[in-house]
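Throughout, protein chains are lettered first and strands after them, A, B, ... in sequence-line order, and every chain is numbered starting at 1.
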Amino acid sequence: MIEVKNLSRIYNLGKIKVNALRGINLVIRDKTVTSIMGKSGSGKSTLLRQLGLLDYPTSGEILIDGKPVQKLDDAKRGRFRLSLLGYVFQEYALLTELTAEENVYLPGMMLGKNGADFRERAGELLEVVGLGDRKTHLPRELSGGEQQRVAIARALINQPKYIFADEPTANLDTLSSRTVMETLVRLNRELGVTVLFVSHDPDDKQYATEHVFLKDGEVTNAYL
Amino acid sequence: MRISNWIHSLKTGLFLAFRGIRRGNKTIQILTVSMLLLVFLNLVLPRALLRGLINTVNGKLVTLMTSNVTIAPPKSQAVFADVDTIEAAARATDGVDSVTAQQKIAVQISADGNSTTYGTQVVEPAEYTQVFEIQKYMKQGSFLAADDQNKIVLGVQVAGDNNANLDFYATSLRTVQVGDKVTVSFNNGKAAEFTVKGIFDSDFSQGDTRSFISREDYARINPTAAAQTSIINVKLKKGYSEDQVMASFNSLNLGVVVDKWQNQAGVLRSVTKTFDVVIILLQLIALIVGSITIYIVTFVDLNNKRKQIGIQRAIGISSATLVVNYVIRGIVYAVIGNLFGLVAYLFVLVPWERLHPFKFPFGIVFLEVNGSYLVQVFGVLFTIAVISSAIPTWRAIKIKILDAIWGN
């Protein structure tokens with residue numbers, strides 16, 4: 001379970017202070033699919049980055065499985081992300097010099113999993129996301145949708161409890177978008193992974209079981 | 001961090017590095033390796049050339065003018081009191097190959113209205129050619145032999161050799177050739193006609209202003225002075241140092257002045273010292289230029305990979321892994337660049353230069369091949385590559401993950 005208590009994030013842009021998040025309070029229950037929705041600039045990606053430990057909040061508290069994580073240093077955050085969280089970026093954030101399979105099993109290497117095991121698992125995950133025949137392809141040889149699905153498979157390699165997806169379909173066509181979102185939902189159902197995704201597309205609401213709406217850095221509605 | 005974590009970081013770093021090298025942009029890789037090759041050659045070539053020049057100068061100095069060690073009479077005497085004893089002691093010293101005694105006398109040599117006053121060397125031809133290699137530089141004719149009578153050997157700068165391009169042509173005999181007669185006027189007022197037996201050209205102007213007559217000939221002209229010797233030249237066996245032999249000889253306490261060739265080099269000594277300073281300056285500049293070049297290339301490459309670094313950090317790749325990743329790349333490029341540089345130097349440039357050697361006023365110069373220096377250059381560039389990769393990587397790691405990914 002993820003608990004967010006009075007979370008704020010202020011960006012200092014020169015002399016201007018931008019309140020991206022204003023006292024957010026939230027509880028994300030395990031094994032749910034939660035959509036974080038809102039207009040551009042509402043703070044939804046900022047919120048997800050705080051939960052994904054990619055950024056530091058200005059104030060407030062984030063508890064992941066009861067553990068406060070907002071003040072962890074970079075190294076500990078890295079280990080935390082590696083073992084417990086999977087993150088899918090809006091852009092297809094794959095490593096260009098690695099094949100699809102290598103991109104997927106790279107985080108596994110960091111945890112020192114058995115080489116053959118994590119390669120096998122990477123292959124399985126690529127099958128799960130429908131790319132079993134694209135293992136040896138480099139990112140530049142894959143379409144946007146395929147790259148995003150590789151990124152999802154990578155996010156799953158260390159069997160994380162949580163997956164955070166930041167507008168995962170923003171750069172995809174309709175068919176690819178649907179495939180990606182259905183993949184996330186299927187992973188939730190089949191593997192019990194808790195999924196949080198950010199979207200500004202109202203159609204994506206259908207994939208979530210819980211919904212959080214943000215406006216100007218504040219939660220306006222939450223159906224949890 | 002636990003040891004197992006370090007091992008995973010190292011393994012992952014190596015994995016990323018070698019995948020990156022295998023699949024990286026080949027044009028950038030070729031340019032990087034080429035740049036490192038040029039940095040290597042830039043560090044090696046000027047030094048090799050100047051050291052080759054110094055070696056040529058020193059080699060000629062030793063084999064044509066000073067020998068390895070010189071023995072002079074005590075400072076209070078102009079000539080040896082008992083040259084035979086000193087020569088015998090020198091010959092018996094461990095490490096001595098051969099010994100010759102000589103004296104330089106003031107003479108005027110004239111031919112066809114031209115004259116020179118460079119003086120001449122009075123030598124024992126057989127001994128002299130054991131210690132020195134003048135006979136290898138004969139341009140015409142040959143060097144003196146033991147049974148020669150009234151024969152003289154002239155340096156090309158003395159004979160003139162009909163070559164107006166010679167450094168000292170104006171003060172030479174200008175047109176003298178082998179077989180010509182020259183008149184030698186000695187300081188005891190006597191003059192004698194000598195036949196030019198040979199003309200040598202060592203490409204070493206300072207040495208080519210000399211001339212040689214035999215002690216036997218000089219004894220006929222000036223019997224008292226012919227027995228006098230002002231210097232003994234000693235050639236060492238290979239593997240012996242001047243200091244070693246000098247220490248052995250000095251332990252005999254013969255009351256003579258023993259010196260090594262370096263101290264006899266005169267103006268050439270300061271020339272070679274200047275070259276040494278120039279070499280250090282050139283190396284320093286090459287090293288700074290090389291370091292900055294390697295740093296810039298690595299920095300630009302890493303700057304282009306900032307997003308990739310951000311992604312790696314976002315998915316949990318540790319800082320240590322990232323440093324290993326990019327440092328290993330730097331090391332691999334440095335090793336390949338240096339190896340290519342080494343191969344280019346040893347198997348292309350040096351053999352080519354052996355076939356087409358550089359010609360300097362001092363003679364032919366060969367590029368020096370100094371194994372320990374090549375290893376040093378290798379080590380230095382290796383270290384620079386490590387530092388030049390580690391610093392920009394470390395800086396890139398310090399950037400916030402999101403800034404790295406979004407390119408802020």
Would you indicate whether the side-chain heavy atoms of [Y] and [X] approach each other to under 4.5 Å?
X      : Y      : result
B:I311 : A:Y87  : no
A:Y56  : B:K400 : no
A:E102 : B:R23  : yes

[X] atom [atom1]: more than 12 heavy-atom contacts under 6.0 Å:
X      : atom1 : answer
B:Y373 : OH    : yes
A:K215 : NZ    : no
A:H200 : NE2   : no
B:Y295 : OH    : yes
A:L13  : CG    : yes
B:K26  : NZ    : yes

- [ ] Specify which of A:L98, A:L85, A:L94 makes the most heavy-atom pairs with chain B at under 4.5 Å.
- [x]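 Max contact count across the listed options: A:L98.
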Open item on the list: I'd like to verify something: which residue of A:A93, A:G78, A:S83 has the highest number of heavy-atom pairs under 4.5 Å with chain B?
Closed with: A:A93
Task: Region of A:F89 in contact with chain B, defined by heavy-atom distances below 4.5 Å - done: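 The side chain, not the backbone.
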Open item on the list: If I measure from the heavy atoms of chain B, does A:R154 come under 4.5 Å with its side chain, its backbone, both, or neither?
Closed with: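 It is the side chain, since no backbone atom gets that close.
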Open item on the list: Quick check: closest heavy atoms across A:L95 and B:Q308, and the distance to 0.1 Å?
Closed with: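 Distance-wise, the nearest heavy atoms are CA-OE1, 3.2 Å.
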- [ ] Indicate the atoms forming the closest heavy-atom contact of B:G316 with A:M110, along with that distance.
- [x] O-CE, 4.2 Å
Task: Under 4.5 Å from a heavy atom of chain A, the part of B:I315 involved - done: both
Task: Region of B:S319 in contact with chain A, defined by heavy-atom distances below 4.5 Å - done: neither
Kindly compute the distance separating [atom1] ([X]) from [atom2] ([Y]), expressed to the nearest 0.5 Å.
X      : Y      : atom1 : atom2 : result
A:E97  : B:L16  : CD    : CG    : 8.5 Å
B:R19  : A:L138 : CZ    : CG    : 11.0 Å
B:I317 : A:L106 : CD1   : CG    : 4.0 Å

- [ ] Check the pair A:R77, B:I401 against side chain to side chain contact (heavy atoms under 4.5 Å, CB included), reporting the backbone distance first and the verdict last.
- [x] CA-CA 11 Å; A:R77 283 175 162 234; B:I401 292 176; over 6 Å; no
TODO: Could you tell me whether the side chain of A:R49 and the main chain of B:L402 form a donor-acceptor pair under 3.5 Å?
DONE: no
